[in-house]
Amino acid sequence: MDAADTRLTSLAHGGGCGCKLAPSVLQQLLASQPVAARFDRLLVGTETADDAAVWQVDEQTCIIATTDFFMPMVDDPRDFGRIAATNAISDVYAMGGKPVMALAILGMPIDKLSPAVVREILAGGASVCAEAGIPVAGGHSIDCPEPVYGLAVIGTCRPEQLRRNSGARAGDALLLTKPIGVGIYSAAFKKRALSPAAYDELVATTTLLNRIGAELANDPDVHAITDVTGFGLLGHALELARGSKLALTLHADDVPLLREAASLAQAGFVTGASQRNWSSYGVDVTLPADLPDWRKHLLSDPQTSGGLLVACAPARAAELAAEIAAAGYPSACVIGSATAGAPGIAVTAS
């Protein structure tokens, strides 16, 4: 095939946040890393597997720093760039901050892709950064066997606006701002089984900026935020449970899904990352005895540029869900609650 016509996904062994190392593998790799907590101004490091690092500059300002990159989950180069950029910027919003600039991370098989295709990837990422109101101020590129693109993103917030994944309180309600099923859609797309309407839905949800996180951080009744990405809803909820030292209950029937996610999951379009996710943390998740495997796969499905999981005061939950929906996230809803108890997740279903 001509380099201009090569299918991007054919050049990668994985795609999107499904490329992430399994949670169990990541824990092993980080176990021997030096503890960063001795730096007094480092408010957030690796201790609770949060979404970004946070450094307090002074009494009014915190700097948020993150990086995220992956291989393509779609073939359209501009869509790939847009999805990767939206996903990377999300980490700043998940901490309650606002992004201020980005640096591009680019690895391309230059013998397989034309410069025009690579320019389209970069243009897609730049368009999302423009939408977020930030520049792509630089970056780094390498010749790479598989196509890789993403961003390092810097953001800011005031100390009182910072929202960790460890701030949930007993009694809190749990909200989710976007539907899940992105990994299942990706698996179907790679096998040419995703409908055009579902593809449009996939791109729409993965390029929707999570800017609502910066607004939620101004509300004192919002106690914790994290974004749902490669470890799936269960994996990132478990990080929140462990960080907050709480037990979570998730109501599977209330979890919003992409329109064709259930039917595709039942048809067997499941990613290998979903299996790896479950193997990593299934021991800390209690499922109903009669929950079918396809529903379990949805809950562990790796999300690329997924929504925000929000812990808030229960009295405000319905109001906040309605406000989030009105702000452009129509699937936002309450999906569970937090209680005192050993960190873990209990899933309920009718």
Side-chain angles (χ1 to χ4, degrees), residues 16-17 44 50-55 57 61-70 72-74 76-106 119-141 148-158 161-163 165 176-178 182 200 202-219 222 225-230 303-310 323-332:
C17 286
V44 181
D50 218 324
D51 299 300
V54 182
W55 184 273
V57 178
T61 308
C62 292
I63 298 296
I64 303 169
T66 184
T67 183
D68 214 316
F69 52 88
F70 46 62
M73 55 186 285
V74 295
D76 184 282
R78 185 173 286 261
D79 285 347
F80 171 39
R82 293 171 62 211
I83 293 167
T86 307
N87 178 75
I89 296 170
S90 177
D91 287 339
V92 172
Y93 292 131
M95 302 304 299
K98 294 182 178 180
V100 295
M101 71 173 182
L103 303 173
I105 300 166
L106 183 72
R119 283 198 299 270
E120 279 295 290
I121 295 170
L122 293 173
S127 71
V128 165
C129 289
E131 183 183 349
I134 65 173
V136 180
H140 186 65
S141 59
V148 173
Y149 174 68
L151 300 174
V153 188
I154 303 298
T156 63
C157 70
R158 294 178 61 87
Q161 294 170 319
L162 177 62
R163 291 296 183 274
N165 67 357
L176 185 63
T177 64
K178 287 186 185 182
V182 171
D200 290 343
L202 170 68
V203 174
T205 190
T206 54
T207 58
L208 176 61
L209 286 164
N210 279 327
R211 62 173 91 236
I212 191 65
E215 303 304 319
L216 292 171
N218 291 315
D219 192 323
V222 173
I225 305 175
T226 191
D227 65 348
V228 178
T229 55
Q303 303 307 288
T304 298
S305 193
L308 300 177
L309 181 63
V310 181
E323 290 178 0
I324 295 168
Y329 308 84
S331 296

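Note: hydrogens, waters and symmetry copies are ignored here, and every other heavy atom, side chains too, is used.
A heavy-atom distance below 4.5 Å is not found between the side chains of Leu208 and Thr86. Residues Leu216 and Ile324 form a side-chain contact, since some pair of their non-hydrogen atoms from C-beta on lies under 4.5 Å apart. Taking 4.5 Å as the limit, some side-chain heavy atom of Val74 sits within range of a side-chain heavy atom of Leu202.
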Could you go through Met73 and Ile83, starting from their C-alpha distance and side-chain angles, then the distance that decides it, and tell me whether this counts as side chain to side chain contact (heavy atoms under 4.5 Å, CB included)?
CA-CA 9 Å; Met73 55 186 285; Ile83 293 167; 4.0 Å; yes
CA sep, side-chain torsions, deciding dist, call: Asn165, Leu309, side chain to side chain contact (heavy atoms under 4.5 Å, CB included):
CA-CA 9 Å; Asn165 67 357; Leu309 181 63; over 6 Å; no
Using the side chain to side chain contact (heavy atoms under 4.5 Å, CB included) rule, take Leu162 and Met95 through it: C-alpha gap first, then chi angles, then the decisive distance, then the call.
CA-CA 6 Å; Leu162 177 62; Met95 302 304 299; 3.8 Å; yes
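Annotation for Gln303 and Val182: closest pair OE1-N, 3.2 Å, computed over non-hydrogen atoms. Minimum heavy-atom separation, Ile89 to Ala132: CD1-CB, 4.2 Å. Gly124 and Arg82 make their closest contact through O-CG, 3.3 Å (heavy atoms, listed as atom of the first residue, atom of the second, distance). Heavy atoms only, all atoms of each residue included: Lys178 and Ser305 are closest at NZ-O, 3.0 Å. Pairing each heavy atom of Ile64 with each of Gly97, the nearest pair is CD1-CA, 3.6 Å. Residues Ala52 and Ala65 approach most closely at CB-O, 3.4 Å, considering heavy atoms.
Separation of atoms OG1 (Thr177) and OH (Tyr329) is listed at 7.0 Å; rounding is to 0.5 Å. For the atom pair OG1 of Thr229 and CG of Asp51, the computed distance is 7.0 Å after rounding to the nearest 0.5 Å. Note that CD1 of Ile63 and SG of Cys157 are 9.0 Å apart. Values are rounded to the nearest 0.5 Å. Summarising the geometry, atom CG belonging to Asn87 is positioned 4.5 Å from atom CG belonging to Asp68; distances are rounded to the nearest 0.5 Å.
For Arg211, the side chain to side chain donor-acceptor pair (under 3.5 Å) criterion is met by no residue, not counting sequence neighbours. Partners of Thr156 according to the side chain to side chain donor-acceptor pair (under 3.5 Å) rule, which considers only residues two or more places apart in sequence or in another chain, do not exist here. Partners of Asp50 by side chain to side chain donor-acceptor pair (under 3.5 Å), not counting sequence neighbours: none found. Partners of Asp76 by side chain to side chain contact (heavy atoms under 4.5 Å, CB included), not counting sequence neighbours, listed by chain and number: Arg78, Asp79, Tyr199. Shown here are the side chain to side chain contact (heavy atoms under 4.5 Å, CB included) partners of Ala137, two or more places apart in sequence or in another chain: Met101, Leu103. Partners of Ala102 under the side chain to side chain contact (heavy atoms under 4.5 Å, CB included) rule, at least two apart in sequence or in another chain, are Cys129, Ile134, Leu151, Val153. The side chain to side chain contact (heavy atoms under 4.5 Å, CB included) test applied to Ala130 returns no partner, not counting sequence neighbours. Checked against side chain to side chain donor-acceptor pair (under 3.5 Å), Thr205 has no partners two or more places apart in sequence or in another chain.
Between Phe70 and Phe80, the ring planes are tilted. Angles from 30° to 60° get that label.
Using modelled atom types, no side-chain atom of Gln161 and backbone atom of Ala217 make a donor-acceptor pair closer than 3.5 Å.
Residue pairs meeting the salt bridge (charged side-chain N to carboxylate O under 4.0 Å, His left out) criterion with at least one partner in residues 148-158, sequence neighbours excluded, are Arg158-Glu160. Identified under the side chain to side chain donor-acceptor pair (under 3.5 Å) test for residues 88-103, with sequence neighbours left out: Thr66-Asp91, Ser90-Asn210, Ser90-Asp227.
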